[in-house]
Amino acid sequence: MTASSDHLARRIRFEGPVSVAEFMADALYHPTHGYYMTRDPLGSGGDFTTAPEISQMFGELIGAWCTERWQAIGLPERIHMIELGPGRGTLMADVLRAASVEPEFRRALAVHLVEISPVLRDVQRATLSGETIQFDSIHWHAGLETLPMGPSLIVANEFFDALPIRQFEKTSAGWCERLVTVERENFRFTLSPPLPAHEIPLLSGIRDTAESGAIAEVRPAAAAAAAQIAAQIARFGGSALFIDYGHHLSGTGDTLQSLSEHATTGVLCDPGAADLTAHVDFDAIERSVSADVDVHGPVTQGVFLRRLGIEVRAEALARNTSAAKANDIAKAGRRLVENDQMGSLFKVMALTSRDQSVPPGFDAAQ
Ligand code: SAH
């Protein structure tokens with residue numbers, strides 16, 4: 001066992017089985033052993049790659065989207081550009097470069113990064129210390145509790161999928177929570193006793209009709225984060241953009257997965273040493289936001305980026321470059337939008353404060 005799993009095994013032996021959410025939280029966020037706390041997991045040398053790491057076009061188009069939403073709320077002189085889980089800072093760097101096309105917008109921006117990992121904060125600082133960025137105007141936050149007051153543009157790419165999920169399994173005796181225990185030196189799943197109806201946090205349609213053996217997931221931290229973001233936007237004005245892999249409608253299915261060096265591994269094999277994520281339930285996110293904001297989408301990432309003009313952007317970038325580079329740009333663009341790559345598994349949802357037009361990417365007529 002690794003140092004992290006050893007610590008978790010001792011905790012389980014001492015306290016008893018933990019929920020999948022507790023297992024994930026410990027594996028990902030433990031201050032000294034947690035996966036995100038100890039490394040930069042992104043890119044070809046890491047465990048997984050994300051859209052902004054694949055192509056600068058992703059962040060540039062989101063920067064243009066943010067510029068348009070700033071205009072949609074009347075060009076406020078100050079606006080907070082907030083990113084949740086900024087990874088290496090690549091998306092924010094591309095957003096800020098695109099924002100510079102509209103100098104008044106660029107000057108209006110105060111940048112806030114919500115990042116739990118000290119290692120990634122350092123990487124973000126290095127990425128964003130470019131000459132176009134006023135270094136002292138970037139603020140880091142450990143969580144959403146300290147979000148600044150004022151109009152806000154909030155972007156989260158592959159943030160929600162990292163938040164812990166709880167899993168429930170339907171058995172012949174009723175719904176049980178899936179727990180993790182230790183047997184000899186290995187982690188394995190076990191089940192809680194059947195839960196009384198009021199302790200099953202599932203939609204009644206799923207709770208009452210799922211077949212025996214079905215697994216259903218909920219993500220309390222995502223619901224709380226989405227509710228807080230919606231409240232921020234409703235109160236101060238602005239927009240949020242959530243991009244993640246997942247599904248449009250709540251349902252059943254075990255989507256917990258573990259990635260190490262770009263390959264899937266057993267979800268309980270190496271807590272703290274491998275990435276652990278699960279599909280985002282966009283339906284559940286929508287249900288957790290108040291009626292004081294408008295919800296747009298989700299639409300697939302492929303549809304969203306095409307409507308934002310990724311093909312035109314790819315052609316512009318490919319001009320005046322070598323044939324090999326032009327080929328790389330086209331290939332990266334296809335990876336983001338094609339249905340058999342990231343185009344349909346990834347979805348995009350926007351929240352906007354009241355009385356805004358439909359944002360770019362969400363209106364079929366655009
Ligand atoms: N958005 C980036 C990185 C995605 S990986 C990209 O697209 O490349 C997930 C990111 O969220 C990492 O930066 C991770 O450290 C951060 N993160 C995960 N859980 C978090 C939490 N609970 N609070 C704050 N940041 C978190």
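Residue indices begin at 1 and follow the sequence shown. Every number for a ligand or one of its atoms is a count from 1 in the order of the listing. Note that these values count all heavy atoms, side chains included, but never hydrogens, waters or copies made by symmetry.
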A.B. asks: Start with the C-alpha distance between Asp47 and His262, add both sets of side-chain angles, then the distance that settles side-chain contact (heavy atoms from CB on, under 4.5 Å), and finish with yes or no.
C.D. replies: CA-CA 5 Å; Asp47 294 321; His262 300 264; 5.8 Å; no
A.B. asks: List ligand 1 atoms under 4.0 Å from Leu163, heavy atoms only on the residue side.
C.D. replies: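 Atoms satisfying the 4.0 Å criterion: 22 (N).
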A.B. asks: Any non-hydrogen atom of Leu91 lying under 4.0 Å from ligand 1?
C.D. replies: no
A.B. asks: Any idea which heavy atoms bring Ala227 and Ser288 closest together, and the distance?
C.D. replies: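 Heavy atoms only, the tightest pair is CB-O, 3.4 Å.
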A.B. asks: Taking heavy atoms and a distance under 4.0 Å, where does Thr50 meet ligand 1: side chain, backbone, both or neither?
C.D. replies: side chain
A.B. asks: Examine ligand 1 and decide if any of its atoms is less than 4.0 Å from a heavy atom belonging to Gly143.
C.D. replies: no
A.B. asks: Which residue holds the protein heavy atom closest to atom 11 (O) of ligand 1, what is that atom called, and what is the gap in Å?
C.D. replies: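 Result for atom 11 (O) of ligand 1: Gly85 CA, 3.1 Å.
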A.B. asks: Pull out every atom of ligand 1 sitting under 4.0 Å from any heavy atom of Gly87, numbered as shown with elements.
C.D. replies: 2 (C), 3 (C), 13 (O)
A.B. asks: After noting the C-alpha distance and the side-chain angles of Glu115 and Glu83, does the key distance pass the side-chain contact (heavy atoms from CB on, under 4.5 Å) rule?
C.D. replies: CA-CA 9 Å; Glu115 175 57 68; Glu83 187 179 355; over 6 Å; no
A.B. asks: Only heavy atoms count here, so choose which of Tyr35, Phe160, Tyr36, Tyr29 is nearest to atom 22 (N) of ligand 1.
C.D. replies: Tyr29
A.B. asks: Can you name the ring pair (Phe, Tyr, Trp, His ring centres under 6.0 Å) partners of His248, sequence neighbours left out?
C.D. replies: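 By the ring pair (Phe, Tyr, Trp, His ring centres under 6.0 Å) rule, His248 matches no residue at all.
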A.B. asks: Hey, any chance Phe48 and Phe159 share a hydrophobic cluster, counting ILVMFWY side chains that come within less than 4.5 Å of each other, even indirectly?
C.D. replies: yes
A.B. asks: Over 60° means perpendicular and under 30° means parallel, so classify the ring planes of Phe160 and Phe242, tilted if in between.
C.D. replies: perpendicular
A.B. asks: Counting non-hydrogen protein atoms only, what is the nearest one to atom 15 (O) of ligand 1? Give residue, atom name and distance.
C.D. replies: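 Ranked first by proximity to atom 15 (O) of ligand 1 is Glu115 OE2, 2.5 Å.
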A.B. asks: Is the Phe187 to Phe23 ring centre distance short of 6.0 Å?
C.D. replies: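 Under 6.0 Å, so yes.
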A.B. asks: Is there a side-chain contact between Phe58 and Thr50, using heavy atoms and a 4.5 Å cut-off?
C.D. replies: no
A.B. asks: Only heavy atoms of Ser117, strictly under 4.0 Å: list the atoms of ligand 1 that pass.
C.D. replies: 15 (O)
A.B. asks: With backbone taken as N, CA, C and O and side chain as the heavy atoms from C-beta onward, which portion of Leu42 lies under 4.0 Å from ligand 1: side chain, backbone, both, or neither?
C.D. replies: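 Contact part for Leu42 vs ligand 1: side chain (C-beta onward).
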A.B. asks: Which residue holds the protein heavy atom closest to atom 24 (C) of ligand 1, what is that atom called, and what is the gap in Å?
C.D. replies: Ile116 N, 3.4 Å
A.B. asks: Just which atoms of ligand 1 are under 4.0 Å from any heavy atom in Pro52?
C.D. replies: 6 (C), 7 (O), 8 (O)
A.B. asks: So that I know where these two stand, are Trp70 and Phe105 an aromatic pair - ring centroids less than 6.0 Å apart?
C.D. replies: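 So the answer is yes for these two rings.
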A.B. asks: Going by the order shown, which atoms of ligand 1 are within less than 4.0 Å of some heavy atom of Phe159?
C.D. replies: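 Taking each heavy atom of Phe159 in turn, ligand 1 has 20 (C), 21 (C), 23 (N), 24 (C), 25 (N), 26 (C) under 4.0 Å.
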A.B. asks: Give me each pair satisfying side-chain hydrogen bond (donor to acceptor under 3.5 Å, both in side chains) with a member in residues 148-170, each pair once, sequence neighbours excluded.
C.D. replies: Ser152-Gln232, Arg166-Glu177, Gln167-Arg178, Gln167-Glu217, Gln167-Asp254
A.B. asks: What is the closest protein heavy atom to atom 7 (O) of ligand 1, and at what distance does it sit?
C.D. replies: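 Ranked first by proximity to atom 7 (O) of ligand 1 is Asn157 ND2, 2.7 Å.
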A.B. asks: When you measure from atom 9 (C) of ligand 1 to every protein heavy atom, which one gives the shortest distance, and what is it?
C.D. replies: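 For this ligand atom, the closest protein heavy atom is Glu158 O, 3.4 Å.
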A.B. asks: Counting from 1, what ligand 1 atoms have a heavy atom of Leu120 closer than 4.0 Å?
C.D. replies: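 In order of number, 12 (C), 13 (O), 15 (O).
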